[in-house]
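To keep things clear, I will list the structure first and then write my remarks on it.
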Amino acid sequence: MIRTERKYVEILMILKEHQEPMGAKRLSELLAERGYVMTDRAVQYYLRYLDECGFTRKIGNLGRVLTPEGLQETESALVDERIGFVISKLERLAFRSTFDPFTGTGDIAYNLTIVDEDNLEPLLDSFEDVKRAGCGFFNSYRVIYSDYRIPPGNAGIMTVCSITMDGVLQHNGIPVQMAYGGRIMVEEKKPQYFADLIRYQGTTIDPLALFISSGLTSITGYIGTGTGILLANVREIPVYAKKRALEVSESMQSNGFIFPLEMRSGNIYNLVGDPNRISLVSYSGMNYVGHAIENQIPVTNEIGAGNIPFAKISE
Amino acid sequence: MMSAPLKFVNHRIEEYAMQVTLDPKTGAGTVVYNLSLIHENDFSQAISVIRDTCRAGIAPSHLLGVKKPGEMIHDYVIPKDRIGLITICSTTLDGLLIRRGIPLNPIGGGVVEIVQNVPRRFTHLIRYDCTTIDPLQVLISEKTTSITKVMNTGSGCVLANIRECHMEAEPVIEEILDELSGSIFSGILELGLPNTPSLGVTVSPQYIGIVTLGGTNQMAAIRESGIEIDIQAIKGIIDIRELDSIETL
């Protein structure tokens with residue numbers, strides 16, 4: 001029963017990741033890649049069931065697409081597995097972040113913020129504030145118009161997603177774990193303590209999105225006075241990786257990345273840490289979006305929307 | 001300047017739960033409470049929303065405390081133009097279980113989908129050992145709840161939390177749940193089977209999951225009705241005599 005539910009959710013997840021209609025044959029290939037070996041006929045059977053539930057819809061002979069109800073189901077089913085999914089989804093983007101800080105080339109991961117064109121001006125003003133204050137993860141962003149995810153009359157803004165850092169550390173041979181998303185109290189531009197932390201491994205919703213929607217940030221305060229509450233991430237690496245991590249961080253900084261804020265083994269600020277792990281604290285790229293939302297600008301935002309070449313966002 | 005070491009919610013729950021003295025049979029003793037602040041002008045509308053949630057059975061208790069601007073609750077003064085609303089936190093149940101010696105792990109808080117008045121599954125969960133802020137407090141603003149819809153149609157999403165107890169203690173758990181049914185505090189959504197996921201959430205080997213309604217459902221309903229509300233969950237311990245039935249307010 002549970003195994004069955006797992007399979008139908010996997011079909012919905014595959015359809016969610018692809019825009020075009022998909023037939024049973026292609027679906028059974030993609031399912032096999034993910035460890036679910038099923039015949040085309042079995043997939044047909046599942047698809048008919050999903051049609052009956054209203055989660056999928058047939059488009060002529062082309063195959064199935066996801067309905068809005070099906071999309072909703074991918075965000076509701078299998079709560080236990082979705083607890084790890086917030087970070088697994090980001091780890092995939094991290095692995096695909098091939099950015100080499102020593103040459104300044106390769107791909108980074110980005111967040112995509114979508115805004116009505118009428119609100120683009122105030123949104124960019126907000127983003128500029130964050131850029132000037134230096135409390136993002138990277139000191140630039142890019143505006144785009146033509147993309148299938150951007151509805152007509154809207155604009156998209158790509159900001160660098162801080163999961164890029166995990167990719168860079170990994171590709172430099174440093175095992176890294178994205179541990180926490182949190183909010184950090186800063187006084188006179190100096191970080192003081194974490195106001196709250198949520199561990200990625202223990203939630204079905206991105207921690208930073210939760211802090212923003214709960215109004216628990218004060219990015220505007222920081223920008224105005226140097227005292228406020230900013231979004232931050234905590235990563236953990238082995239103590240043995242310290243020297244290499246310092247080299248990588250320095251080369252990241254020379255490319256315009258703000259990283260790290262603090263790095264130390266054991267306790268860091270008011271977080272009781274493992275003496276055998278180094279915690280790396282950095283401001284999140286989501287401070288851009290958080291500040292816009294504090295300024296009452298209506299936006300939709302996807303954390304970890306994809307990968308693009310670094311040159312496209314640093315121009 | 002350093003602040004105290006960060007405390008994760010599972011530890012905060014245990015600390016407060018240990019201080020609960022409520023006796024479900026007599027209805028006397030102390031409970032864990034949530035404190036929420038609303039604007040003075042919204043008071044009568046908020047009370048009517050809370051009354052509706054209690055009548056619909058979406059609130060774990062019909063008891064409510066009201067504090068006026070300037071009044072104190074422990075060391076906290078209710079700010080000017082604000083009203084403090086005190087509701088019983090579901091951590092109170094953990095207190096009752098711990099006091100009878102039942103091995104208990106608080107698991108987490110989240111959102112439960114209700115279909116035609118029957119709880120179906122958790123659709124969101126934040127584990128208590130992974131967060132320093134109460135999950136229900138942050139989930140309210142993510143627009144994950146539809147409590148008004150549950151009240152009107154019997155289907156929608158409510159706030160709930162889950163803990164697990166060792167199956168060896170099942171008779172005692174049932175005794176406590178019996179005492180609670182019909183008392184001033186209840187809200188049990190599901191008592192699971194040993195070794196079986198409760199509403200989709202896995203439990204430890206030989207453990208049973210217990211899912212209860214969050215004590216902040218009334219507050220989420222207030223927020224859904226468009227009233228601005230500031231919620232602080234698992235705030236402290238209060239004597240039950242300081243609370244009144246919503247029907248008398």
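Below, chains carry the letters A, B, ... as their sequence lines are ordered, and counting in each starts from 1.
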Heavy-atom pairs under 4.5 Å with chain B, option from A:Ile205, A:Asn267, A:Ile83 with the top count: A:Ile205
Can you tell me if [atom1] on [X] sees more than 12 non-hydrogen neighbours from other groups inside 6.0 Å?
X: A:Phe85; atom1: CZ; result: no
X: B:Gln19; atom1: CD; result: yes
X: A:Arg57; atom1: CZ; result: no
X: A:Lys89; atom1: NZ; result: yes
X: A:Glu188; atom1: CD; result: no
X: B:Glu168; atom1: CD; result: no

To the nearest 0.5 Å, what is the distance between [atom1] on [X] and [atom2] on [Y]?
X: A:Leu197; Y: B:Ile133; atom1: CG; atom2: CD1; value: 10.5 Å
X: A:Tyr180; Y: B:Cys130; atom1: OH; atom2: SG; value: 7.5 Å
X: B:Gln137; Y: A:Leu216; atom1: CD; atom2: CG; value: 7.0 Å
X: B:Thr131; Y: A:Asp196; atom1: OG1; atom2: CG; value: 6.5 Å
X: A:Thr203; Y: B:Ile126; atom1: OG1; atom2: CD1; value: 4.0 Å
X: B:Thr132; Y: A:Asn270; atom1: OG1; atom2: CG; value: 8.5 Å

Beyond-backbone contact of B:His124 with A:Ser76, side-chain heavy atoms, under 4.5 angstrom: no
Steps toward side-chain contact (heavy atoms from CB on, under 4.5 Å) verdict (B:Leu199, A:Val79): CA-CA 9 Å; B:Leu199 301 183; A:Val79 74; over 6 Å; no
A:Gln72, part contacting chain B, at a heavy-atom distance under 4.5 Å: neither
Atom group of A:Ala179 that falls short of 4.5 Å from chain B, counting heavy atoms: neither
Check: A:Ser214/B:Ser141 side-chain N/O donor and acceptor closer than 3.5 Å: yes
Residue selection (most heavy-atom pairs with chain A, distance under 4.5 Å) from B:Asp230, B:Ile231, B:Thr202, B:Asp129: B:Thr202
Option that, when pairs with chain A are counted at under 4.5 Å, heavy atom only, ranks first among B:Val201, B:Leu139, B:Ile140, B:Thr123: B:Thr123
Polar side-chain atom of A:Thr204 near backbone of B:Leu125 as donor-acceptor pair, under 3.5 Å: yes
Flag, side chain of B:Arg127 to backbone of A:Arg199, donor-acceptor distance under 3.5 Å: no
Heavy-atom closest contact (B:Leu6 atom, A:Phe194 atom, distance): CD2-O, 3.7 Å
B:Tyr128, part contacting chain A, at a heavy-atom distance under 4.5 Å: neither
